[in-house]
Amino acid sequence: MKNIALVLVIMIGITLSAAEKPLVRAGLISDTHVTPNPRSVEKLRAALKLFKSKNVDVVINLGDVADKYHPEAYKHYRNTVKEVYPQGIREFTVYAGHDQNSGVKELPSPISWDMVKKALEIQHEPLDLQVINGIPFVIFPERLNSLEIYEQHLTDAVRKFPGKPVFVLDHRPAYKTVFNSLVWAQPGKEKILEKFPQVILINGHVHNEIRNELCIWQGRFTNVDAGCISSWGGDLEGTIPFGKATAGVLIMEVYPDKVIFERMDCLTKEIVGEPWQFPLPHNPDNPPLAFEKRKKASVAPEFPAGSKILIRRDSKAFNELRLYFTPALPQKNVFKYEIFILDKTSGKILNRQEIFGDFYHEKPVKSVKHSMSSGYFESGREYIIKIVPFNFFGKRGKPIQTGFKAADKAAWTTLFECKNPMEVLKFREGLADGRELEIKDGFYDHNVEDARLIFPDNVWEGKAGSRFRFTIDMHTIQTGEEKWTLVLRNPEPVVNARARLYTQSGDLGVRRYVIDFIKRDEAYKYYLLIREGDPGKVRFDYVKIERLD
């Protein structure tokens, strides 16, 4: 009897152990952006070693494997996989834009899918259906522009695997889902995905940090952002966020009744945040991780009692204003800060900037620093700086504020100043040539994908390495959710002066935008590109271009 009892205990233990074993365990990475430089695979190597320690069944790369197509870069990638997995590992790879943009002068862009497949030694097709232990994975290349083909492949997968979750591997997220998807998604796919509640779309492309709670979204379907292991940023309004290093990866476990995404740093091997978990099958009418549910359960961040803003300038004749303030609490929940510049006399908001909060720091932050160009201020005028903390779901804490008087600014050389740009400058459609946009009731109708404000060539005179400042006062009216992107661009070769700066939705009156940058080539001459976003109206009230000699 004792032997029988022992056998039963062992059998029950084996059964329970088997029940807890996932059907699929996958290691998810994205935007590895490898280059011909052998050091570009260091994070990839760390991620693969982590995946191996977790005994994953498959390694999934959501695209932008290379920074640009280059045989040497892909060779480094493939050799790194073979180094960590000498016996081989199953791989799913999404073909993305950077993988088809040529980094070799002799090769035209886009590179063909066949060439990418050969260079990367990918075993499956660019558009494919792969299955692991009865769980389907539909793989889409980024440059598949047919929504009809997209829907047909989803329909086929759902019919073939009834009652199963269907994992969609796509470089871009669905529109209006995860953070950054307003700008970086392909609109239209979300309407198709709403027909398939069993779909769990996993994306890359948008360079999010996996500590960001907005990297998972649920509605009629589920969208999960795999983060990236290069650098992350985001479409904050009114400022240009600098790229920050990240090493975020996901370990996905698929069980018969649930899916778990564990967030990890591949360099430190540490878990970074609570895992994302949700039941199967998905209930589209009551999604457990719906935004409003999570918002209701969340806590608004608050500044500690007595918190103050300290203001410093970089020199007696200042070029930038530096703000220092105590972080709001709890730090892991602070997604962003909104920083307002107000005229003290009138109380009018002159500018609003957003900066990321403290959620991505592993250790507690003692002080937050933010710099503002002195181009936002007039010497001798009094201003108020107000700062408001927000959590991931838009809950705001109480603001802190302080006043100050702007000091004398550094002596910049004015190359161009225009108080009536609507009469002097041309605002044209497209990236070259193009019609001039119409003015109605004092505003341009901006209802095109790209439009550029053109300046005289001689306003950009200056050697490579010269420091420039571009200031523009604009009145924008945008009724939709999508914001416009502002970029100073040299047309040939296509080089942006700085990263993207985003406008703000609604009718907020006149706001000032300042872009400080280092000119990289003496021959560069820039136009202001206003692109993406919903149709709206824009009026240019003032433009100034300066150089610091």
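The model shown is predicted, which means the values in this text are computed figures rather than measured ones. When reading the values below, keep in mind they use all heavy atoms of this one structure, side chains included, and skip hydrogens, waters and symmetry mates.
- A donor-acceptor pair under 3.5 Å is formed between the side chain of Glu302 and the backbone N or O of Lys398.
- For Lys244, the NZ atom is densely surrounded, since the number of other residues' heavy atoms within 6.0 Å is greater than 12.
- For the residue pair Glu209 / Asn212, no side-chain donor-acceptor distance below 3.5 Å is found, with atom types taken as modelled.
- Salt-bridge formation is not detected for the pair Arg396/Glu338: no Lys NZ or Arg NE/NH1/NH2 atom is positioned less than 4.0 Å from an Asp or Glu carboxylate oxygen.
- Annotation for Leu250 and Ala226: closest pair CD1-CA, 3.7 Å, computed over non-hydrogen atoms.
- Lys293 NZ: more than 12 foreign heavy atoms inside a 6.0 Å radius.
- Across all non-hydrogen atoms, the minimal contact from Leu425 to Tyr444 is O-OH, 3.9 Å.
- More than 12 heavy atoms of other shown residues, nucleotides or ligands fall within 6.0 angstrom of atom CZ in Arg322.
- Side-chain rings of Tyr360 and Trp232 approach one another, their centers coming within less than 6.0 Å.
- Under a 4.0 Å N-O distance rule, the pair Glu546/Lys544 qualifies as a salt bridge.
- Aromatic ring centres of Phe377 and Phe404 lie closer together than 6.0 Å.
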Evaluate the criterion side chain to side chain contact (heavy atoms under 4.5 Å, CB included) for residue pair Arg500 and Arg531; output intermediate values, then yes/no.
CA-CA 10 Å; Arg500 301 168 179 86; Arg531 66 185 320 192; 5.8 Å; no
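- Side-chain contact check for Ile477 versus Phe443: some heavy-atom pair is nearer than 4.5 Å.
- In this structure, the ring of Tyr376 has its center no less than 6.0 angstrom from the ring center of Tyr383.
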Apply side chain to side chain contact (heavy atoms under 4.5 Å, CB included) to the pair Leu193 and Asn223, showing each step before the final yes or no.
CA-CA 10 Å; Leu193 292 165; Asn223 198 149; 5.8 Å; no
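- In summary, the aromatic rings of Phe335 and Phe393 are positioned with their centroids too far apart to meet the 6.0 Å limit.
- Applying the ring pair (Phe, Tyr, Trp, His ring centres under 6.0 Å) rule to pairs touching residues 476-505 yields His446-Trp484, sequence neighbours excluded.
- Summarising the geometry, atom NZ belonging to Lys440 is positioned 6.5 Å from atom NZ belonging to Lys537; distances are rounded to the nearest 0.5 Å.
- Ion pairing between a basic and an acidic side chain is recognised when a charged N comes within 4.0 Å of a carboxylate O; Lys426 and Glu436 show such pairing.
- With a 4.5 Å cut-off on side-chain heavy atoms, His475 and Val538 do not count as touching.
- Side-chain atoms of Asp64 never come within 3.5 Å of backbone atoms of Ser30 as a donor-acceptor pair (strictly under, hydrogens ignored).
- Less than 6.0 angstrom separates the ring centroid of Tyr150 from the ring centroid of Phe140.
- Note on Asp457 versus Lys525: no salt bridge recorded, every NZ/NE/NH1/NH2 to OD/OE distance being 4.0 Å or above.
- Within a 6.0 Å sphere centred on CG of Asp441, other residues, nucleotides and ligands contribute 12 heavy atoms or fewer.
- Annotation for Leu154 and Phe196: closest pair CB-CE1, 3.9 Å, computed over non-hydrogen atoms.
- For the pair Val388 and Pro399, the tightest heavy-atom approach, listed with the atom from each and the gap, is CG2-CB, 3.7 Å.
- No donor-acceptor pair under 3.5 Å is formed between the side chain of Ser102 and the backbone N or O of Ser109.
- At a threshold of 4.5 Å between non-hydrogen side-chain atoms, the residues Tyr513 and Leu501 count as touching.
- The two residues Phe303 and Ile387 have their closest heavy-atom pair at CE1-O, 3.7 Å.
- Open room surrounds CD on Glu274; 12 or fewer heavy atoms of other groups in view lie less than 6.0 Å from it.
- Annotation: cation-pi pair Lys386/Phe340 present, NZ/CZ under 6.0 Å from the ring centroid and within 45° of its normal.
- Between Glu532 and Val183, the closest heavy-atom pair is OE1-CG1, 3.6 Å.
- Counting heavy-atom neighbours within 6.0 Å of Lys189 NZ, excluding the residue itself, gives a total above 12.
- Side-chain rings of Phe392 and Phe179 stay apart, their centers remaining 6.0 Å or farther from each other.
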Salt bridge (charged side-chain N to carboxylate O under 4.0 Å, His left out) assessment of Arg381 paired with Asp343
CA-CA 8 Å; Arg381 197 170 185 88; Asp343 182 88; 2.5 Å; yes
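- For the pair Glu481 and Lys176, the salt-bridge criterion is met [side-chain N within less than 4.0 Å of a carboxylate O].
- Panel note: side chain Arg220, backbone Lys195; no donor-acceptor pair is recorded below 3.5 Å.
- Under 4.0 Å is where a charged nitrogen must lie from a carboxylate oxygen, and between Glu354 and Lys336 at least one such pair does.
- Between Ile384 and Thr402 the shortest side-chain heavy-atom distance does not fall below 4.5 Å.
- For the pair Lys395 (side chain) and Lys295 (backbone), a donor-acceptor distance under 3.5 Å is present.
- Between Leu415 and Phe468 the shortest side-chain heavy-atom distance falls below 4.5 Å.
- In terms of modelled atom types and a separation under 3.5 Å, the side chain of Arg428 and the main chain of Gly434 share a donor-acceptor contact.
- Checked against a 6.0 Å centroid threshold, the rings of His282 and Phe221 do not count as neighbours.
- When atom types are taken as modelled, the side chain of Arg211 and the backbone of Phe359 share no donor-acceptor pair closer than 3.5 angstrom.
- Side chain of Asn101 to main chain of Gly97: a donor-acceptor pair is present (N/O by atom type, distance under 3.5 Å, no hydrogens or angles).
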Is there a side chain to side chain contact (heavy atoms under 4.5 Å, CB included) between Leu453 and Ile530? Walk through the geometry before answering.
CA-CA 8 Å; Leu453 187 64; Ile530 303 181; 5.9 Å; no
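- For the atom pair Leu529 CG and Leu431 CG, the distance stands at 6.0 Å (nearest 0.5 Å).
- You'll find the ring centres of His205 and His98 outside the 6.0 Å limit.
- Under the 3.5 Å distance criterion, the side-chain polar atoms of Asn286 are left unmatched by any main-chain donor or acceptor of Asn283.
- A ring-centre distance under 6.0 Å is found for Phe517 and Tyr526.
- In this structure, Lys519 forms no cation-pi arrangement with Tyr524, as its terminal cationic atom is not both closer than 6.0 Å to the ring centre and no more than 45° off the ring axis.
- Contact annotation: the side chain of Thr503 approaches that of Gln478 to within less than 4.5 Å [non-hydrogen atoms, C-beta and beyond].
- Under 3.5 Å, the side chains of Tyr542 and Glu417 contain a donor-acceptor pair of N or O atoms.
- Between Ile385 and Met372, the closest side-chain pair of non-hydrogen atoms falls below 4.5 Å.
- Across Ile341, Thr471, Leu350, Ile472, a single residue satisfies side-chain contact (heavy atoms from CB on, under 4.5 Å) together with Arg512, and that is Thr471.
- A side-chain donor-acceptor contact under 3.5 Å links Ser374 to the backbone of Asn319.
- Inter-residue side-chain proximity for Arg467 and Asp549 is flagged as unmet; no heavy-atom pair is nearer than 4.5 Å.
- By the neighbour-count criterion of 12 heavy atoms within 6.0 Å, atom CD of Glu362 is densely surrounded, having more than that number from other residues, nucleotides or ligands.
- Distance check: Asp225 CG to Ile216 CD1 gives 10.5 Å after rounding to the nearest 0.5 Å.
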